[in-house]
Amino acid sequence: MTALDQNLIGGDFKIDALSISFGGLKAVNQFSLHLKPMELQGLIGPNGAGKTTCFNLVTGVYQPDSGTMVLNGRSLVGLEPHEIAKAGIARTFQNIRLFGDLTVLENVMVSYHMNVDYGYFELFLRTPRYYRIEKEFRDKATELLKVMGLETRKEDKAKSLPYGDQRRLEIARALATHPKVLLLDEPAAGLNTQEKAALMGTIANIRNLFKTTILLIEHDMKLVMGICEKITVLDHGDIIAVGTPREIQDNPKVIEAYLGVG
Amino acid sequence: MLQAFLQNIINGMAQGSVYALVALGYTMVYGVLQFINFAHSDIFMLGAFGGFFLAKWLSPFISNPLILLMAVVIGSMAFCVAVGLTIERIAYRPLRTAPRLNVLITAIGVSLFLENFGQIIFGADPQVFPSLISTHSLLEGEGLVLNNIQLTVVVVSVLLMLILHWIVRHTKLGIAMRAVSFDIEVANLMGIPTDTIILFTFTIGSSLAGAASILYGLSYPKIEPLLGMMIGLKAFVAAVFGGIGSIMGAAVGGIVLGLAESFTVYYVSSTFRDAIAFGILILILLFRPAGLFGTFRREKV
Amino acid sequence: MKLVQWVTIIVSVGILTGINYLLEENINPYVIRVVVNCGIGMILAMSLNLVNGCAGQFSLGHAGFMGVGAYTSAAITTVLALSPFFKTDMGVGCAIVIGGLAAALAGYLVGLPSLRLKGDYLAIVTLGFGEIIRIIFLNIEEVGGARGLPGIPPKANFFWVYLWVVITFVALLRLLRSSYGRAILSVRENEIAAESMGINVARYKVVAFVISSFFAGIAGGLFAHFQSFIDPNSFVFNKSVEAVIMVVIGGMGSLSGAILGGIIVTVLPELLRIFEQYRMVIFPLILIVLMLVRPMGLLGHKEIWELFRKKASS
């Protein structure tokens with residue numbers, strides 16, 4: 001198995017009526033979304049609309065007050081974040097959360113840990129199986145970093161990478177978990193125009209290379225409109241519009257949410 | 001049976017109010033700076049020794065025991081404030097932006113330093129704290145003991161806590177302090193002089209420790225340089241029990257701990273006296289980690 | 001295992017035996033005592049480093065685990081007197097391992113609350129556990145209570161202690177250089193990210209505690225069978241602080257740093273003997289100054305050989 005061939009056709013992920021409130025305030029209300037296999041959808045909305053909270057609900061960081069989410073027929077509600085990751089949902093973070101003091105290679109290799117099949121005694125004795133699996137992880141990670149254009153930095157500490165590379169490493173690390181669904185939280189935040197253009201290409205590429213379904217939170221309209229097939233707009237925790245980029249652009253409710261009532 | 005029960009309540013209250021006063025120092029510093037000021041327990045110890053020497057020097061000049069007691073309490077409070085502020089300035093302030101772990105380790109270092117330094121100047125052997133006011137019993141009831149010292153301890157503690165409550169709730173400094181403990185960075189941006197507020201917090205905390213040390217010396221007239229260690233830990237447990245950052249919590253926590261100890265000693269065994277505090281701590285952290293009156297803040301993802 | 005590894009083992013056992021022989025024949029007992037205490041300190045520091053340095057937790061109760069190991073192993077070789085086997089070298093060795101396992105069990109129990117607690121809170125809870133463990137020993141009359149437990153067979157000499165230093169070092173290094181080690185490190189680096197990458201953060205915190213306590217228990221067993229006398233005061237809070245200082249001085253997260261810390265903290269007070277009573281003040285001062293000027297410790301996260309490698313390559 002290599003870093004690339006993993007899933008058949010991505011995940012089919014159905015989110016239905018997820019809600020959560022913090023101290024009486026409804027942060028997310030009746031959030032529903034259907035990601036079909038290999039789809040690339042966008043989730044947009046003004047600051048504080050509840051986008052990241054949606055990701056936190058979906059990845060189990062927060063437990064929803066109500067609602068369901070089903071990945072390829074399996075319910076994910078009530079699972080721990082690491083169980084959800086194993087079930088096939090991976091994410092990146094808006095505020096980068098790399099393992100700063102580990103090397104770039106190790107950052108990616110952490111994600112393979114869920115597939116490790118040697119035990120503690122084997123690592124203490126360094127059995128052939130230990131060597132084989134460690135090599136396999138290393139090779140896979142290197143290959144993945146090559147795809148993401150980071151292989152020259154693989155022995156550097158993650159925290160020493162330039163900002164744009166850190167964002168790419170976040171994506172690489174998430175991909176290493178073999179996700180059926182990949183959640184990207186503002187991957188273009190803080191990037192310049194050229195980097196953004198490159199990222200657009202990378203995201204589109206990832207979907208085909210890794211056969212994964214993608215949900216993207218992004219502020220950059222050009223980026224979202226350019227690559228997403230379908231967009232959901234969130235405002236004050238509620239979904240105010242769903243549709244193709246064109247439909248969203250012309251939707252008066254969306255314009256109002258972004259610009260305020262004129 | 002009932003007698004013993006009541007007696008335990010009296011003893012527990014007296015011991016507990018000392019814990020409460022020390023706990024307030026922990027809880028306030030924790031509220032503002034989010035770290036355990038391990039040296040607080042040794043400020044308490046220094047306060048006891050400060051009072052010890054002060055009482056020795058002053059007793060030839062002041063004959064009225066009440067005035068002498070007041071002088072010793074205030075003197076010890078002032079001494080503790082001086083020590084507390086010095087520690088803050090030298091050891092903690094340079095680490096304001098450092099990881100919390102470093103501050104914690106520094107605090108442990110300061111604590112060790114004071115303990116060992118104390119052993120050098122005061123000697124490792126216990127000293128006898130002078131009895132500033134003579135003990136006499138207030139109750140002559142059926143074997144129940146309530147003496148004037150126990151009463152003094154409780155009354156002074158309650159008085160100090162009420163003053164503190166008033167300062168925190170109704171003065172400008174108190175409001176600024178609460179703002180800083182809510183969010184130090186925002187408070188700074190709002191023009192609150194956070195460094196001053198932190199010094200103020202240390203001032204209050206240390207002065208309470210000073211007062212507590214004299215009250216302790218009155219009831220348990222044996223003081224030694226390692227005295228603060230156990231009392232400090234227990235006071236911290238009391239602060240956590242009540243909900244760290246909560247003044248009410250520290251007060252209640254201290255009393256509850258004092259009572260729990262006195263009942264354990266009576267009904268179980270005196271050797272488990274020190275274990276009960278940690279037992280309570282572990283239970284509260286497992287079942288209600290925010291403490292009785294505390295609230296936890298969620299990490300933002 | 002490969003042939004190289006077998007050869008390494010045989011050679012190192014040979015070297016240890018040789019040094020052991022030389023020490024016992026020619027060196028005065030004071031030096032041997034310091035050297036052996038260094039070894040025990042190294043094991044203690046390396047084991048604590050796994051929790052405090054690698055998993056990013058903060059334990060202040062390491063003396064408690066050491067105590068569990070010491071009392072369990074000593075009970076086996078003295079009061080329990082199961083069989084004369086436990087008076088021999090091998091028997092004592094087995095008893096020490098059993099002590100380590102008992103400490104690991106205690107570590108599991110203490111590790112559980114760490115799932116819910118962070119930083120200072122965890123520090124205080126582990127401190128509390130450490131004290132509770134000590135108070136329990138204080139109340140078990142069968143192992144001497146407050147009077148302590150004398151007459152433990154003094155079988156732990158230079159050879160056994162340093163054999164365990166090597167075992168601890170190799171085991172922990174191999175752990176850290178494995179997928180499990182990366183999982184533990186990822187918990188330190190960023191819990192939320194680790195969890196999102198499928199790492200069961202709770203499990204690896206407990207794993208770190210269990211492995212760490214095992215080796216602390218071994219250190220305790222060696223200590224008991226070197227001193228041949230233990231009492232509850234051997235495992236007070238200050239002992240835990242000492243272990244923390246070792247890790248902090250060496251550099252949190254650095255295995256070789258922990259070894260360095262173990263040596264410094266054991267040897268420095270001996271060197272400072274000329275300052276007599278002031279040495280106990282100098283020590284905390286060093287800690288404070290270190291936090292102010294070099295908070296990452298002498299080596300930081302790095303291993304000592306990485307310092308040289310970096311110079312060679314650049």
Side-chain angles (χ1 to χ4, degrees), chain B residues 30 34-36 38 87 90-92 94-95 98-121 123-124 226 229-230 233-234 236-237 239-240 244 269 271-287 289 291 299-301, chain C residues 52 56 58 60-61 110 112-113 115-136 138-139 145-146 191-193 196 236-238 240-242 244-245 247-248 252 276-293 295-297:
Chain B
Y30 198 97
Q34 267 88 51
F35 85 96
I36 303 172
F38 264 92
I87 293 172
I90 295 176
Y92 299 156
L95 293 173
R100 279 168 54 193
L101 200 57
N102 293 348
V103 191
L104 183 68
I105 292 164
T106 308
I108 293 175
V110 173
S111 168
L112 278 180
F113 173 78
L114 293 179
E115 277 165 20
N116 295 334
F117 194 64
Q119 284 183 320
I120 292 175
I121 30 178
L226 297 181
M229 204 152 73
M230 219 11 115
L233 286 174
K234 287 179 186 168
F236 183 76
V237 171
V240 174
I244 198 123
S269 153
T271 41
F272 280 102
R273 181 196 168 111
D274 293 343
I276 186 73
F278 298 111
I280 289 180
L281 175 75
I282 288 159
L283 289 180
I284 191 93
L285 287 177
L286 287 180
F287 296 108
E299 187 182 358
K300 199 164 159 53
V301 182
Chain C
N52 285 17
F58 195 82
L60 258 180
V110 177
L112 289 179
L115 311 181
R116 307 188 48 165
L117 303 170
K118 286 204 177 109
D120 306 6
Y121 280 91
L122 180 63
I124 284 290
V125 164
T126 50
L127 193 166
F129 265 111
E131 286 294 297
I132 287 176
I133 289 173
R134 187 177 64 83
I135 291 166
I136 290 173
L138 206 57
N139 284 281
E191 276 188 32
I192 289 168
S196 298
V236 287
F237 173 55
N238 270 352
S240 299
V241 171
E242 212 175 281
V244 171
I245 295 176
V247 174
V248 171
M252 306 258 267
E276 292 181 34
Q277 47 179 351
Y278 288 96
R279 69 201 171 109
M280 292 322 286
V281 181
I282 296 170
F283 219 53
L285 275 182
I286 292 175
L287 192 66
I288 298 169
V289 172
L290 194 73
M291 280 298 112
L292 289 173
V293 297
M296 73 293 265

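All values below come from the heavy atoms of this structure, side chains included, with hydrogens, waters and symmetry mates left out. Labels below follow one simple rule: chain letters A, B, ... track the order of the sequence lines, proteins then strands, and each chain is numbered from 1.
Both the backbone and the side chain of Val281(C) come within contact range of chain B, with heavy atoms under 4.5 Å apart. Of the atoms belonging to Phe35(B), heavy atoms from both backbone and side chain fall under 4.5 Å from chain C. Within the 4.5 angstrom heavy-atom criterion, only side-chain atoms of Leu233(B), from C-beta onward, approach chain C. Contact of Tyr92(B) with chain C is not made at all, since no heavy-atom distance falls under 4.5 Å. Both the backbone and the side chain of Ile105(B) come within contact range of chain C, each with at least one heavy atom under 4.5 Å from a heavy atom of that chain. Interface remark: Val110(B) contributes backbone and side-chain atoms alike to the contact with chain C (heavy atom separation under 4.5 Å).
With values rounded to the nearest 0.5 angstrom, Ser240(C) atom OG is found 10.0 Å from Ile108(B) atom CD1. A distance of 4.5 Å separates CG in Leu285(C) from CZ in Phe113(B), rounded to the nearest 0.5 Å.
For the residue pair Pro284(C) and Gly109(B), the shortest heavy atom distance occurs at CB-O, 3.3 Å. Pairing each heavy atom of Glu131(C) with each of Phe237(C), the nearest pair is OE2-N, 3.5 Å.
Interface remark: of the candidates Leu138(C), Val248(C), Ile136(C), Val248(C) forms the most heavy-atom pairs closer than 4.5 Å to chain B. Ranked by heavy-atom pairs shorter than 4.5 Å toward chain B, the options Ile132(C), Ile288(C), Asn139(C) are led by Asn139(C). Residue with the most contacts toward chain C among Asn116(B), Leu114(B), Leu104(B): Asn116(B) (heavy-atom pairs, distance under 4.5 Å). Among Ile120(B), Thr106(B), Val237(B), the residue making the largest number of heavy-atom pairs under 4.5 Å with chain C is Ile120(B).
Applying the side-chain contact (heavy atoms from CB on, under 4.5 Å) test to Ala98(B) and every residue at least two apart in sequence or in another chain returns Leu95(B), Asn102(B).
Ile245(C) is listed as a side-chain neighbour of Leu112(B), based on a closest heavy-atom distance under 4.5 Å.
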Sequence neighbours excluded and cut-off under 3.5 Å, please list the side-chain donor-acceptor pairs for residues 123-130 of chain C, or say none.
residue	atom	partner	partner atom	Å
Thr126(C)	OG1	Leu60(C)	N	2.8
Thr126(C)	OG1	Leu122(C)	O	2.9
Thr126(C)	OG1	Ala123(C)	O	2.8

